[in-house]
Amino acid sequence: MQHASTTYRVTAKAIINDAAGQVLLVEETGGHRSLPGGGIEHGEDPEAGLARELHEELGISVIHLIKLKSAYPYYSVTRQAWWLWLLYEVDADLPAPFVGEHAQTAQFFDIATFKHSVQKSEQRLYEVFKALP
C-alpha cells in the first residue's frame, strides 16, 4: 500500500523481560498498551532518548542496553503517519512501583495473548514479536 509521505516518526522502544519471559508494557494515555519508550527528538542519540523515555515512563535511572534487536517500520492509519520503532533489548532494575509520570500503568504480559486482541496496537505488538530474530 502506497502512502503519500515516507517521513518516519522514529521511536526507541525497550524490550524488558521478567524471569518468566513476559514483556513489560506500559498503558499510555488513551488506554492502549505499548512497549516502554517513545519518540526521539531531532538530533538526539536514540539510546539517550530511550534512557530519557524510560525515566519519564517508569522512573528508571540506570539501564543496560544489551543490543539493538530490530527496526520495525509500520504505517499508522489512525495517525496517518509512518513510524519506525528501534527495538532495544534492555536490562533494568525496576523501581517499586515502576510507573513514572508519563504512563498510567505498567505490567508484564505474555505477548502471545495479543494474537487475537480486538486492540490494533496489541495485535501490532504480537506481530512485532513474531518477526523478531
Side-chain angles (χ1 to χ4, degrees):
M1 174 186 279
Q2 264 321 72
H3 300 285
S5 175
T6 56
T7 302
Y8 285 86
R9 173 67 171 140
V10 180
T11 63
K13 298 285 190 172
I15 299 171
I16 302 172
N17 297 100
D18 67 5
Q22 297 184 99
V23 178
L24 183 66
L25 301 178
V26 295
E27 183 179 329
E28 300 173 340
T29 308
H32 75 279
R33 294 183 185 112
S34 185
L35 293 166
I40 303 303
E41 303 299 330
H42 292 280
E44 184 176 38
D45 175 79
E47 294 175 5
L50 180 59
R52 175 183 49 75
E53 286 286 341
L54 292 178
H55 180 72
E56 291 172 1
E57 291 182 356
L58 300 171
I60 296 173
S61 297
V62 178
I63 64 170
H64 174 65
L65 294 172
I66 297 170
K67 67 179 174 178
L68 177 63
K69 191 106 168 134
S70 182
Y72 181 81
Y74 72 94
Y75 185 78
S76 170
V77 175
T78 309
R79 295 185 179 177
Q80 297 289 297
W82 282 99
W83 290 77
L84 178 65
W85 281 4
L86 301 177
L87 300 165
Y88 288 90
E89 191 174 343
V90 172
D91 184 24
D93 289 328
L94 298 173
F98 51 86
V99 176
E101 58 190 67
H102 292 172
Q104 309 227 341
T105 63
Q107 66 185 80
F108 288 94
F109 289 91
D110 177 354
I111 294 296
T113 63
F114 295 152
K115 181 176 183 177
H116 300 293
S117 175
V118 296
Q119 298 290 325
K120 293 287 184 195
S121 60
E122 291 177 356
Q123 289 175 8
R124 181 175 305 110
L125 286 169
Y126 173 78
E127 291 299 322
V128 166
F129 276 83
K130 191 172 91 173
L132 287 176

Treat each ILVMFWY residue as a node, draw an edge where side-chain heavy atoms are under 4.5 Å apart, and state whether [X] and [Y] are in one component.
X    : Y    : answer
I66  : V128 : no
L132 : V90  : no
L87  : Y74  : yes
W83  : Y88  : no

Any chance you could lay out the side chain to side chain contact (heavy atoms under 4.5 Å, CB included) test for L25 and L35, step after step, and finish with the verdict? CA-CA 5 Å; L25 301 178; L35 293 166; 3.8 Å; yes
Name each donor-acceptor pair under 3.5 Å that joins a side chain in residues 14-24 to protein atoms two or more places apart or in another chain, with its distance.
from : atom 1 : to   : atom 2 : distance (Å)
N17  : ND2    : G21  : O      : 3.3
N17  : ND2    : Q22  : O      : 3.3
D18  : OD1    : A20  : N      : 3.0
D18  : OD1    : G21  : N      : 3.0
D18  : OD1    : Q22  : N      : 2.8
D18  : OD2    : Q22  : NE2    : 3.3
Q22  : OE1    : D110 : N      : 3.4

Nearest-0.5 Å distance, [atom1] of residue [X] to [atom2] of residue [Y]:
X    : Y    : atom1 : atom2 : value
E53  : I63  : CD    : CD1   : 11.0 Å
D91  : H64  : CG    : NE2   : 6.5 Å
L86  : Y72  : CG    : OH    : 14.0 Å
H116 : Q123 : NE2   : CD    : 9.5 Å
R33  : I111 : CZ    : CD1   : 10.0 Å
Q104 : E27  : CD    : CD    : 5.5 Å

Please report the closest heavy-atom contact between [X] and [Y], naming both atoms and the distance.
X   : Y    : answer
L58 : A106 : CD2-CB, 3.7 Å
L54 : G37  : CD2-N, 4.3 Å
I60 : A92  : CD1-CB, 3.9 Å
S70 : P133 : CB-CD, 4.5 Å
P36 : L50  : O-CD1, 4.3 Å

Partners meeting ring-ring contact (aromatic ring centres under 6.0 Å, His included) with Y126 (sequence neighbours left out):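 Once residues adjacent in sequence are excluded, Y126 has no partner under the ring-ring contact (aromatic ring centres under 6.0 Å, His included) criterion.
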Contacts of type ring-ring contact (aromatic ring centres under 6.0 Å, His included), residue F129, not counting sequence neighbours: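 Applying ring-ring contact (aromatic ring centres under 6.0 Å, His included) to F129 gives none.
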Kindly assign one of parallel, tilted or perpendicular to the pair Y75 and W82, based on the angle between their ring planes and the thresholds 30° and 60°.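 Ring orientation, 0 to 90° scale: perpendicular.
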Angle between ring planes, F114 versus F109, binned at 30° and 60°: parallel, tilted or perpendicular?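 If you compare the ring of F114 with that of F109, the planes turn out tilted.
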For a salt bridge (Lys or Arg N to Asp or Glu O under 4.0 Å) check, start with the C-alpha distance between E127 and R124, then their side-chain angles and the critical distance, and finish with the verdict. CA-CA 5 Å; E127 291 299 322; R124 181 175 305 110; over 6 Å; no
Treating R9 as the side-chain partner and I40 as the backbone partner, does any N or O pair qualify as donor plus acceptor under 3.5 Å?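 Side chain of R9 to backbone of I40: a pair is present.
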Main-chain N/O of W85 paired to K13 side chain as donor or acceptor, under 3.5 Å: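 No: the side chain of K13 does not pair with the backbone of W85.
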